[in-house]
Amino acid sequence: MAQTTYIADIAKYLGQEVTLQGWIYNSTQKGKLQFIMLRDGTGIIQCVLFKGNVSDELFDACLALTQESSARISGTVTEDKRAKGGFELQISGVEILQVAGEFPISPKEHGIDFLMEHRHLWLRSALQHAVLRVRHEVIRACRDYFDNLGFTLIDAPIFTPAACEGTTTLFETNYFDEKAYLTQSGQLYMEAAAMAFGKVYCFGPTFRAEKSKTRRHLTEFWMIEPEVAYCDLAMDMQYAEGLIAYIVERVLDNRQEELKRLERDISKLEAIQKPFPRLDYDDAAKILKDAGSSFVYGDDLGAPDETIISQKYASPVMVTHYPADVKAFYMKRDPQRNDRALCVDVLAPEGYGEIIGGGQREDDLQALLARIKAHNLPQEAFDWYLDLRKYGSVPHAGFGLGLERTVTWLCGLQHIRETIPFPRTISRIYP
RNA sequence: UCAGGUGUAGCUCAAUCGGCAGAGCGGGUGGCUGUUAACCACUAGGUUGGAGGUUCGAGUCCUCCCACCUGAGCCA
C-alpha cells in the first residue's frame, strides 16, 4: 500500500493532491453539492464534492455513502474558513471500500446504557476519542516520570495466591487444581523488587470485586505503583506530588485540543502548583467538623468528606497519618503516635476524590508478624513477603495511582467509565 | 447489600383525572452550489421491560419479578 497521508498532517499538503483513507463521520447534501466529513483516527476534515467535478456515477455513489462507510478520498487540499479545522479537500476521486449499514450511533443524543452496549462503535466518536488520547498521554507521562528518575519497570503478576487485604473484594478463579485470585495490587511484589532494584514501579490492570455502583468505580482498572527502598513517608509524598504535577504539565502541553473538545476548564489545571497542601488526619477532621459533616473521628474519610476537603484547595491535597486501624496491615505506624499510620492519600481537586493511596511500609519483622495475626491473615501465604524483612530489611515506601480516576479528573468527566476503552463494572462485562 | 429513580418507535423523549399510541432525530423517496447536529415536503416504523390483578376501559392504579441509572458503604 502507498504511504498514507493523515488528516493530522494536512496543513503540510496545502495545494497538493492527496489521498486520505478513512470513514465517513457525517455528510450533508445540497443538491449538486455534497459535504463529506471524513475521519481517519488522527482528525476530521471536510471534503467537498461538486457535481461536474466527477462523473455522475461517482457523484451518485457518494450520495449513497452512509455514516461510517469506509473510503479512500483523493483531492486537493485547500484552506477555507468555512470548514471546521480551516482545511478542506476538493474531491477529485473516491474509492468506496464499503457502504456501511445503518450506524447505531447517530450524531444526536443517546443514553448511557445504549452507548455502553455499543462501546466498540462509540470509540469512534470525537469525545471518546479525546478522552482516550488524554489517557494515552497520562500513561506516557507516568512512564516518563519514573523512567527519567532512574526507576526500573517490574511487571507484577496478575494471578496471585492470596489477598493483599481481605478476600471479599477479590475475583476468584480456578488455577488448575487450586484457587487463584486476580491481583488487587502489585504492591507486595514491588516491595520485593525494590529490595532488588532500589527504585521500581509496575503499571498494569488490577481487579476489585467490590459491589460499588458509583461514578468512581470500575472492577478492572489500571494502577501505576512505584516502590522505593530507603524511602520514608516525606520522600514518598514528594514522588507523588511530582508525578501528579508532571502529568498535569504533560497533558496541558500535548492535549490542549482534546481538553478543549471536552470543554474542560483548563484554568483549573493550570492553577495546580507544587507544593501541594499537606494535612494530617486531625487537620482534615477539623475541616470536616467545621463544615458540618457527619464524619466520625477515628473513621476513614467518606467520599463526601473527600469532596469537602478537596474543594478548599486549587491543587491536589495530601492527607496523612490516618488511624492505623482503618488502614492495611502492611502500613508502618508512626513512632510518635503508635495509633497512626505513616500513610498518605492524595485527593484530586474539584471533588474528584482519592487518586493516590500509599505510605511507608512496616519494615520490622516482629511488628509485621503481629499485624498479620491481628488481621487474621494466613501467615503461610505471606512467608515470601516476610522474607523481605529477614534479609536486609530497610525503610521503604510507595503508592498506587489510579489511572482512570486521574483521567476522569483531568478531563472533567462526570463518570469514570469513559476513561477506559472497554469498562468493566459490576453490571457490565460486554462488549 | 441498602436507599432513591427510570423503563413507551432504531435513538432521545411526550401522552393532563384511568378514555383514539404522539413528536423530534435516525431510515426511505423527492428538492436545493457553502453545509457545520443543514433545511423543506412526503413516507414507513409500536407485544408501552415481563407476569398477574383491579376496571366498561390500563402506558397511567395495585402486587411480584427483571434490567438499568444515581448515591451510600468499600476502595484507586
Checklist outcome for this item: Separation of A76(B) atom C1' from Trp222(A) atom CH2, nearest Å, is 15 Å
Checklist entry - Phe50(A) side chain: which of U33(B), C69(B), C75(B) is closest? => result U33(B)
Checklist entry - Once the angle between the rings of Phe382(A) and Tyr385(A) is folded into 0 to 90°, is it parallel (under 30°), tilted (30 to 60°) or perpendicular (over 60°)? => result perpendicular
Checklist entry - Going from CZ on Phe207(A) to CZ on Arg424(A), what distance comes out if it is rounded to the nearest 0.5 angstrom? => result 10.0 Å
Next on the checklist: Taking any heavy-atom pair under 4.0 Å as a contact, classify Ile416(A): base, sugar-phosphate, or nothing.
Outcome noted: base
Next on the checklist: What contact category does Asp345(A) fall into here, base, sugar-phosphate, or nothing, at under 4.0 angstrom with non-hydrogen atoms?
Outcome noted: nothing
Checklist entry - Do the side-chain N or O atoms of Arg417(A) get closer than 4.0 angstrom to the phosphate oxygens (OP1, OP2) of C68(B)? => result no
Checklist entry - Can you tell me how far C1' in G10(B) sits from the matching atom in G46(B), rounded to whole Å? => result 12 Å
Checklist outcome for this item: Assign each of Leu403(A) and Lys51(A) the nucleotide of RNA chain B bearing its closest heavy atom; nearer the 5' end lies the nucleotide of Lys51(A)
Checklist outcome for this item: side chain to side chain contact (heavy atoms under 4.5 Å, CB included) test vs Tyr201(A) passes for just one of Leu401(A), Asp147(A), Asp155(A), namely Asp147(A)
Checklist outcome for this item: Whole-Å distance, Arg216(A) CZ to C69(B) C1', equals 15 Å
Checklist entry - Which distance, rounded to the nearest 0.5 Å, do you find between the CG of Leu65(A) and the CG of Asn26(A)? => result 12.0 Å
Checklist entry - Could one point to a donor on the side chain of Gln46(A) or the base of U35(B) with an acceptor on the other under 3.5 Å away? => result yes
Next on the checklist: Distance criterion of 3.5 Å, no angle test: do you see the side chain of Thr169(A) paired donor-to-acceptor with the base of C74(B)?
Outcome noted: no
Checklist entry - Do Arg215(A) side-chain and C69(B) base share a donor-acceptor contact under 3.5 Å? => result no
Item to check | Modelled atom types, side-chain donor and acceptor of Asp300(A) and Tyr322(A), under 3.5 Å | outcome: no
Checklist outcome for this item: Considering only heavy side-chain atoms of Ser212(A), the closest of C74(B), U35(B), A76(B) is C74(B)
Next on the checklist: Need one value for His118(A): base, sugar-phosphate or nothing, where a base atom within 4.0 Å counts as base even if backbone is also close, heavy atoms only.
Outcome noted: nothing
Item to check | Distance in angstrom units between Ile426(A) CD1 and C2(B) C1', rounded | outcome: 12 Å
Next on the checklist: Counting the atoms with a prime plus P, OP1 and OP2 as sugar-phosphate, which does Glu404(A) contact under 4.0 Å by heavy atoms, base, sugar-phosphate, or nothing?
Outcome noted: nothing
Next on the checklist: Categorize Gly302(A) for me: base, sugar-phosphate, or nothing, with a 4.0 angstrom heavy-atom threshold over every strand shown.
Outcome noted: sugar-phosphate
Checklist outcome for this item: When Gly111(A) and Lys30(A) are each assigned the nearest nucleotide of RNA chain B, the 5'-most assignment goes to Gly111(A)
Checklist entry - For C17(B), does the O4'-C1'-N9-C4 (purine) or O4'-C1'-N1-C2 (pyrimidine) torsion place it in syn, i.e. within 90° of 0, or in anti? => result syn
Next on the checklist: Does a side-chain N or O of Lys84(A) approach OP1 or OP2 of A37(B) to a distance below 4.0 Å, or not?
Outcome noted: yes
Next on the checklist: Without decimals, in angstroms, what is the distance between Asp113(A) CG and C66(B) C1'?
Outcome noted: 13 Å
Checklist entry - Is the shortest distance from a Lys or Arg side-chain nitrogen in Lys286(A) or Asp290(A) to a carboxylate oxygen in the other one below 4.0 Å? => result yes
Next on the checklist: Distance check needed: G10(B) P versus Glu117(A) CD, whole Å only.
Outcome noted: 15 Å
Checklist entry - Between Leu301(A) (CG) and A72(B) (P), how many Å, whole number? => result 13 Å
Next on the checklist: Heavy atoms from C-beta onward define the side chain here; which of C74(B), U1(B), G27(B) lies closest to that of Glu102(A)?
Outcome noted: G27(B)
Item to check | Side-chain N or O of Ser427(A) closer than 4.0 Å to phosphate OP1/OP2 of C69(B) | outcome: yes
Checklist entry - Going by the angle between their ring planes, with limits at 30° and 60°, are Tyr239(A) and Phe151(A) parallel, tilted or perpendicular? => result perpendicular
Next on the checklist: So that I can compare with my own list, what are the stems of RNA chain B, taken as at least three consecutive Watson-Crick or G-U pairs with distances under 3.5 Å?
Outcome noted: B:1-7 with B:66-72, B:10-13 with B:22-25, B:27-31 with B:39-43, B:49-53 with B:61-65
Next on the checklist: Side chain of His217(A), heavy atoms from C-beta onward: which of U33(B), C69(B), C74(B) has the nearest atom to it?
Outcome noted: C74(B)
Item to check | Separation of the P atoms in G18(B) and G59(B), to the nearest angstrom | outcome: 13 Å
Item to check | Distance, C1' atom - from G52(B) to A37(B), rounded to whole angstrom | outcome: 44 Å
Checklist entry - Can you tell me how far P in C17(B) sits from the matching atom in G53(B), rounded to whole Å? => result 27 Å
Next on the checklist: Name the residue from Val48(A), Thr28(A), Leu49(A) that meets the side chain to side chain contact (heavy atoms under 4.5 Å, CB included) definition with Leu33(A).
Outcome noted: Val48(A)
Next on the checklist: If I pick the P atom on G49(B) and the same atom on U35(B), what distance separates them, to the nearest angstrom?
Outcome noted: 42 Å
Checklist entry - Phe114(A) near the nucleic acid: base, sugar-phosphate alone, or nothing, with a heavy-atom cut-off under 4.0 Å? => result sugar-phosphate
Checklist entry - Of the nucleotides G26(B), U1(B), U33(B), which has the atom closest to the Lys213(A) side chain? => result U1(B)
Checklist entry - Nearest to the side chain of Phe221(A), which nucleotide is it out of G34(B), A76(B), U35(B)? => result A76(B)
Checklist outcome for this item: In whole angstroms, the gap separating P of G73(B) from CG of Asp300(A) amounts to 10 Å
Checklist entry - Taking the side chain of Lys211(A) as its heavy atoms from C-beta onward, which of G34(B), U1(B), C74(B) lies nearest to it? => result U1(B)
Next on the checklist: From CG of Leu65(A) over to P of G27(B), roughly how many Å is that when rounded to an integer?
Outcome noted: 13 Å
Next on the checklist: Nearest to the Thr214(A) side chain among C32(B), G71(B), G34(B), which nucleotide is it?
Outcome noted: G71(B)
Next on the checklist: So, under a plain 3.5 Å distance rule, would you say the side chain of His110(A) forms a donor-acceptor pair with the base of C11(B)?
Outcome noted: no
Checklist entry - Do the rings of His118(A) and Phe114(A) sit parallel, tilted or perpendicular, given the 30° and 60° boundaries? => result tilted
Checklist outcome for this item: So OH of Tyr145(A) and CZ of Arg250(A): to nearest 0.5 Å the spacing works out to 13.0 Å
Checklist entry - Expressed in whole Å, how much space separates the C1' atoms belonging to A58(B) and U70(B)? => result 29 Å
Next on the checklist: Could you tell me how far A14(B) sits from G71(B) if I compare only their C1' atoms? Round to whole Å.
Outcome noted: 28 Å
Checklist entry - With rounding to whole Å, what would you report as the distance between U47(B) and A51(B) at their P atoms? => result 13 Å
Checklist entry - So Phe203(A) and Trp222(A), would you call those rings parallel, tilted or perpendicular, with 30° and 60° as cut-offs? => result perpendicular
